[in-house]
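A short write-up of the structure that comes next.
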Amino acid sequence: MAQCQVHQDSVITDTGSRNMEYRDIYSMWLESPYITDSDRKVLESMTAEEVHEAFYKAAEFGTGGMRGIMGLGTNRMNRYTIRLAAKAFAEILPKKAKVAVAYDTRNGSGAFAEETAKVLAACGIKVYLFDRPSPVPLLSFAVRQLKADGGVVITASHNTGEYNGFKVYDESGCQMLPDRTEQIARAMAAIGDPTAIETVDTDDFIAEPGLIVHVGDEMIGQFQAAISDCGKAVEEIEPEKLKVVYTPLHGSGRDYVMDALAGAGFTDVKLVPGQAEFDGDFPTVKKPNPEDPAALEMAAEMAEDADIIIGTDPDCDRVGVGVIERAADTGCRKLTCLTGNQTGVLLIDYLSRKSCAGQYGGAGKRLITTIVTGEMGPLIARDRGMDVEYVLTGFKYIGEVMNRMDAADELKNFFMGYEESYGYLAGTHARDKDGVSSALAICRMAAYHKAKGRTLTEVLAELYGRYGYWLDSQESLVYDGSRGEETMIKIMESFRKKGAGLFREIRAGEGSVSYRDYRNEGSGLPKADVLKYSFGDGSWVAVRPSGTEPKIKIYYCIKGENEAAAHIRKEAAAECIHKLTGVY
């Protein structure tokens with residue numbers, strides 16, 4: 001995390017002027033000669049409450065970068081805080097560095113990408129700036145192809161439209177790990193006035209084109225070629241027979257996913273027209289997140305004769321799946337939205353199949369997943385002869401393991417990386433989750449099973465019959481505003497005080513409950529603000545504050561004799577959580 005922590009409401013630290021009241025920081029912005037006239041008018045129109053929320057602290061680096069509400073102020077995403085982050089990023093890079101910069105379809109993303117490029121160019125860094133909205137995995141791929149020293153994506157992933165962010169990547173195309181994002185945070189704190197950061201101007205952009213190189217068609221073509229085999233069937237399939245409805249949720253995945261599917265022979269793919277246009281307001285959804293079944297409602301309305309629905313988020317690193325089934329007697333349609341864990345389970349099963357019917361392969365391969373991702377996927381992987389490695393939450397840690405494997409000449413043993421939050425990577429072309437190649441793999445998987453007369457939910461039921469029923473679910477406790485961080489800290493401490501005793505009421509019949517605090521030594525992983533309560537049958541509950549949003553996330557992985565039994569156990573565990581937090 002960044003070093004710009006707030007200690008009192010009236011004090012802001014590490015913004016260039018130590019221990020200044022937020023009102024003084026606000027005044028400094030008002031009086032800055034570098035603030036545009038239009039921005040100054042906005043500052044002058046702010047209410048006292050708006051000034052407080054915008055200036056009471058500095059924007060912080062969390063999971064892989066900086067994310068926040070757009071607007072003016074130190075605690076907001078704007079041209080000045082983006083310039084500050086870009087300048088700090090430049091200061092940790094080697095001389096004559098090269099950086100790739102991409103952006104999604106959010107309001108302001110293109111302008112923020114240009115601001116980033118102009119700051120980096122002013123520092124003597126060569127910038128490869130994408131010429132159109134582009135997915136996160138393409139940026140990761142491009143960093144590797146260009147042998148760049150880093151990358152930036154302007155995105156706030158699946159957040160609502162008022163958010164944007166600055167996500168940073170290292171020279172491997174992996175999201176930067178905490179040791180380096182902390183360097184950026186310290187550099188941000190030391191720079192001083194964020195309104196006075198030097199940029200090249202528009203004339204310099206034109207006069208010195210060597211500083212800024214636009215990338216587009218050629219790099220996109222290389223990316224599509226690299227993912228073309230992702231999820232390729234173990235035997236011949238008929239992709240043209242699979243009926244697909246796809247929604248990009250107004251995001252950057254649109255052309256990339258459609259082109260990838262077309263290139264693989266999927267000709268019956270309907271694009272949801274109402275959600276195909278780039279629109280940073282995301283007007284058709286409450287939240288552009290394929291984890292939320294409500295985000296797929298427009299796709300479902302078009303899915304009268306479809307087999308599956310797929311949806312990607314604005315930066316196209318996550319993909320959600322809906323399965324259409326029809327009752328044999330009535331023909332009535334039923335839509336089942338798969339969880340991130342269920343899609344992961346199905347991909348593990350599909351990708352580990354051998355061409356010999358009924359036989360599976362994967363011996364010597366390695367599955368990489370996170371400590372809050374469900375246990376059924378790893379259970380299947382081990383049964384197929386694979387090794388499983390657990391990492392902390394965040395795909396950057398999966399990328400870190402891939403880099404270690406690469407350095408040891410073991411990357412050929414990489415099977416797949418995935419996390420419960422709908423992120424998957426089944427190739428080695430990138431070091432981040434990839435909604436484009438995952439959409440391709442999912443469609444190939446659905447076509448494979450359709451050819452054998454099965455839907456994805458029927459395959460999932462077969463796997464439950466073999467490996468037991470596992471219920472994976474998640475809930476979030478949201479704490480907005482200046483008091484939210486303080487409340488979250490207090491709640492996490494309450495969990496720690498309870499320890500394993502939190503679930504004393506449901507311990508009977510389940511054996512002892514073990515408790516692990518990942519802030520302490522002994523996990524074999526870096527320290528992290530995560531708590532995990534494990535039951536004797538492999539079930540568990542995990543608690544962690546989000547690294548990108550003002551919320552505490554609760555993860556449930558519960559095994560039951562059947563679905564109903566698992567739900568009863570999950571509700572009992574949730575009741576213990578709710579009693580402690582006071583949230584029902």
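If you read the sequence from its start, that first residue is 1, and numbering goes on from there.
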> Is there a side chain to side chain contact (heavy atoms under 4.5 Å, CB included) between E240 and D268 once you walk through the steps?
Replying inline: CA-CA 6 Å; E240 70 279 1; D268 197 344; over 6 Å; no
>> Ring of Y555, cation from R544 - is the NZ or CZ under 6.0 Å from the centre and inside 45° of the axis?
In response: no
>> So R254 and F278, do their side chains get closer than 4.5 Å, heavy atoms only?
In response: yes
> Are E458 and H449 close enough that some pair of their side-chain heavy atoms sits under 4.5 Å apart?
Replying inline: no
> Considering only heavy atoms from C-beta outward, does the side chain of V213 approach that of V127 to under 4.5 Å?
Replying inline: no
>> Test side chain to side chain contact (heavy atoms under 4.5 Å, CB included) on V244 and D307; report intermediate values, then the result.
In response: CA-CA 6 Å; V244 183; D307 297 303; over 6 Å; no
>> Between D149 and K98, does the salt bridge (charged side-chain N to carboxylate O under 4.0 Å, His left out) criterion hold? Intermediate values first, please.
In response: CA-CA 5 Å; D149 299 284; K98 298 185 295 184; over 6 Å; no
> Are E419 and R318 close enough for a salt bridge, meaning some N to O gap below 4.0 Å?
Replying inline: no
>> With heavy-atom distances below 4.5 Å as the criterion, would you say the side chains of R366 and F415 are in contact?
In response: no
> For the side chain of T181 and the backbone of P178, is there at least one donor-acceptor N/O pair under 3.5 Å apart?
Replying inline: yes
> Under 3.5 Å, is there a donor-acceptor pair linking the side chains of Y256 and Q224?
Replying inline: no
> Say you draw a straight line from CE of M77 to CD1 of I82; how long is it, rounded to the nearest 0.5 Å?
Replying inline: 6.0 Å
> Would you call D305 and K270 a salt bridge, taking side-chain N to carboxylate O under 4.0 Å as the test?
Replying inline: yes
> Hey, are D170 and S172 close enough side-chain-wise for a donor-acceptor pair under 3.5 Å?
Replying inline: yes
> Does a side chain donor of either D317 or Y422 reach within less than 3.5 Å of an acceptor in the other side chain?
Replying inline: no
> Between A430 and M402, which heavy-atom pair has the shortest distance, and what is it?
Replying inline: O-CE, 3.8 Å
> Is K334 atom NZ crowded by more than 12 heavy atoms from other residues, nucleotides or ligands, each under 6.0 Å away?
Replying inline: no
> Can you list the steps and then say if E389 with R404 is a salt bridge (charged side-chain N to carboxylate O under 4.0 Å, His left out)?
Replying inline: CA-CA 12 Å; E389 183 163 349; R404 290 205 307 264; 3.0 Å; yes
>> Would you say that D259 contacts V436 through its side chain, given a criterion of any heavy-atom pair below 4.5 Å between the two side chains?
In response: no
> Roughly how far, to the nearest 0.5 Å, is CG of D387 from CZ of R382?
Replying inline: 9.0 Å
>> Over 60° means perpendicular and under 30° means parallel, so tell me whether Y418 and Y424 are parallel, tilted or perpendicular.
In response: parallel
>> One pair to check against side chain to side chain contact (heavy atoms under 4.5 Å, CB included): I348 and L346. What are the steps and the verdict?
In response: CA-CA 5 Å; I348 292 167; L346 287 165; over 6 Å; no
>> Can you tell me how the ring of H429 sits relative to the ring of F223, calling it parallel under 30°, perpendicular over 60° and tilted otherwise?
In response: perpendicular
> What heavy-atom pair brings R106 and P288 nearest, and what distance separates the two atoms?
Replying inline: NH2-CG, 4.3 Å
>> Restricting to non-hydrogen atoms, name the atom on S352 and the atom on M386 that form the minimum distance, rounded to 0.1 Å.
In response: CB-CE, 3.8 Å
>> Nearest 0.5 angstrom please: I398 CD1 to K396 NZ, how far?
In response: 10.5 Å
>> Hydrogens and angles aside, do N107 and N164 bring a side-chain donor and acceptor to less than 3.5 Å of each other?
In response: no
> So, S109 and D104: side-chain donor and acceptor under 3.5 Å apart, yes or no?
Replying inline: yes
>> Between D383 and R466, does the salt bridge (charged side-chain N to carboxylate O under 4.0 Å, His left out) criterion hold? Intermediate values first, please.
In response: CA-CA 11 Å; D383 188 47; R466 184 178 303 175; 5.5 Å; no
> Would D217 and R132 count as a side chain to side chain contact (heavy atoms under 4.5 Å, CB included) if you check the C-alpha gap in whole Å, the side-chain angles of each, and the deciding distance to 0.1 Å?
Replying inline: CA-CA 10 Å; D217 288 342; R132 71 199 76 178; 2.7 Å; yes
> Charged N to carboxylate O under 4.0 angstrom, K287 versus D292?
Replying inline: no
>> I want to check a possible cation-pi pair here: K450 against Y448, using under 6.0 Å from ring centre and within 45° of the ring axis as the test.
In response: no
> Is it true that R180 and E171 make a salt bridge, defined as a side-chain N closer than 4.0 Å to a carboxylate O?
Replying inline: yes
>> Working to the nearest 0.5 angstrom, can you tell me the gap between D434 CG and F141 CZ?
In response: 10.5 Å
> Taking it one step at a time, do E475 and Y556 satisfy side chain to side chain donor-acceptor pair (under 3.5 Å)?
Replying inline: CA-CA 9 Å; E475 63 178 314; Y556 302 93; 2.5 Å; yes
>> Does D409 have more than 12 heavy atoms from other residues, nucleotides or ligands lying within 6.0 Å of its CG?
In response: no
> So how far is it from E325 CD to T457 OG1, rounded to the nearest 0.5 Å?
Replying inline: 2.5 Å
> Within a strict 4.5 Å, meaning less than it, do heavy atoms of the T369 and P378 side chains meet?
Replying inline: yes
> Just how far is it from atom CG of L296 to atom CE of M298, taken to the nearest 0.5 Å?
Replying inline: 11.5 Å
